[in-house]
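These figures come from a predicted structure and were not determined experimentally. Each chain gets a letter, A, B and so on, in the order the sequences are listed, and its residues count up from 1.
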There are 2 protein chains.
Amino acid sequence: MKPDALRGHLDALLLATLDGRQLHGYAIIEALQQGSGGALDLPTGTVYPALRRLERAGHVASDWSTVGGRKRRTYRLTSAGRKALHAERAAWREFTTVIGGVLGGGGTWAQT
Amino acid sequence: MKPDALRGHLDALLLATLDGRQLHGYAIIEALQQGSGGALDLPTGTVYPALRRLERAGHVASDWSTVGGRKRRTYRLTSAGRKALHAERAAWREFTTVIGGVLGGGGTWAQT
DNA sequence: CAGCTACACATAGCTTCCCTACACATGAGC
DNA sequence: GCTCATGTGTAGGGAAGCTATGTGTAGCTG
């Protein structure tokens, strides 16, 4: 997957991963990898700054704890974050409709 | 539509617009606008450099002509460009599957 | 003729988000 | 001690969008 294609969607992926659950950074990375069948193998240099941005935007909050002798930072959605996720999903639907509609002519692919 | 979301997909859009026809730059911009129901209103500063890149990559070729006293540059897909379009459509299908799968939980949206 | 709109093209520079590269730490197993 | 797994952090580079800006021609209107 091209980095450029991912760009602009990463926030949505992170918000969606935190939907209904709290996870620490490493677990988010793993959840995205597994939730995508291995297609999303995001470097920490991508994810941690993005979580920083989401926290600064107020969409995510975090708490430090110590687990098994290691510091861990657990993230959760804020209510603003849940709203943002809702908006991101709507934007995704429009995005796929628009781009897919233009790209369309490619064979057996169907869009509903 | 966020610029960042578009990023990485513009090449595919341009290639798809030139699929099976030749068009000059301004006509490409108009075709994208109309083909997207107005959602894609791309600045010339986006499209012309992108066409430049595609031409440098060998996916697109162009010819100058004069129409009605004005210079016009008409673009067409090369065979490499047709291959690239094919690959871009496959990449799009994978992309929407992956991202959509992770974003998924959003209501009545269905993906097939 | 001047001004405006439409058509048609071009590009410099900025912004921003990814990735690479690099760094640190602890715990478990060999 | 070394390696891997777990867990975190960030500086800086690259590049593709967009804004801003510029050029030109044709046709219409006052």
For this session: Specify the residue among B/Met1 and A/Trp64 whose closest nucleotide of DNA chain D lies further upstream toward the 5′ end.
Result: A/Trp64
Exercise. Closest nucleotide of DNA chain D for A/Arg7 versus for A/Val67: which of these residues is on the 5' side?
Worked result: A/Val67
Separation of [N] [atom2] from [X] [atom1] (nearest whole Å):
X       : N      : atom1 : atom2 : answer
A/Glu55 : D/dT8  : CD    : P     : 12 Å
A/Leu6  : D/dG14 : CG    : P     : 20 Å
A/Tyr26 : D/dG9  : OH    : P     : 15 Å
A/Asp41 : C/dT20 : CG    : P     : 10 Å
A/Ile29 : D/dA5  : CD1   : C1'   : 13 Å
B/Leu42 : C/dA10 : CG    : P     : 16 Å
A/His9  : D/dG17 : NE2   : P     : 12 Å
B/Phe95 : C/dC18 : CZ    : P     : 11 Å

Exercise. Do we see a donor-acceptor contact under 3.5 Å between the side chains of B/Arg73 and B/His24?
Worked result: no
For [X] and [Y], indicate whether the former's side chain and the latter's backbone hold a donor-acceptor pair under 3.5 Å.
X       : Y       : result
B/Glu88 : B/Leu15 : no
A/Gln33 : A/Ala39 : no
B/Thr78 : B/Gly81 : yes
B/Thr74 : B/Gln22 : no

Between [N] and [X], is there an OP1 or OP2 to side-chain N/O distance shorter than 4.0 Å?
X       : N      : result
B/Arg52 : C/dA10 : yes
B/Tyr48 : C/dA10 : no
B/Arg73 : C/dA10 : yes

Exercise. Base, sugar-phosphate, or nothing: which does B/Pro43 touch, judged by heavy atoms less than 4.0 Å apart?
Worked result: base
For this session: Look at all strands and tell whether B/Gly45 reaches a base, only sugar-phosphate, or nothing, counting heavy atoms closer than 4.0 Å.
Result: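 Base contact.
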Problem set entry | Check: B/Phe95 ring centre within less than 6.0 Å of A/Trp92 ring centre | yes
Problem set entry | Any A/Arg72 side-chain heavy atom under 4.5 Å of A/Tyr26 side chain |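 No, their side chains stay 4.5 Å or more apart.
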Exercise. Of the nucleotides C/dT16, D/dA16, D/dA5, which one has an atom closest to the side chain of A/Asp4?
Worked result: D/dA16
Problem set entry | A/Asp19 with A/Arg89: basic N within carboxylate O range, under 4.0 Å |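 Looking at A/Arg89 together with A/Asp19, the answer is yes, because their closest N to O distance falls below 4.0 Å.
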Exercise. Between A/Lys2 and B/Glu94, does at least one N-O distance fall below 4.0 Å, as a salt bridge requires?
Worked result: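 No, this pair does not count.
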For this session: Heavy atoms only: give me the nearest A/Gly58-A/Ala80 pair and the separation to one decimal.
Result: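 Reported closest heavy-atom pair: O-CB, 3.8 Å.
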For this session: Pull out every stem in DNA chain D, meaning runs of 3 or more consecutive Watson-Crick or G-U wobble pairs with both distances under 3.5 Å.
Result: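 Consecutive-pair runs (3 or more) involving DNA chain D: C:1-30 with D:1-30.
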Atom pairs under 3.5 Å, N or O on each side, protein against nucleotides 23-27 of chain C: can you list them with distances?
unit_1	atom_1	unit_2	atom_2	d
C/dT26	O3'	A/Gly69	O	3.1
C/dT26	O2	A/Arg70	NH1	2.9
C/dG27	O4'	A/Arg70	NH2	3.4

For this session: Would you state whether a donor and an acceptor, one from the side chain of B/Arg53 and one from the base of D/dA16, lie under 3.5 Å apart?
Result: no
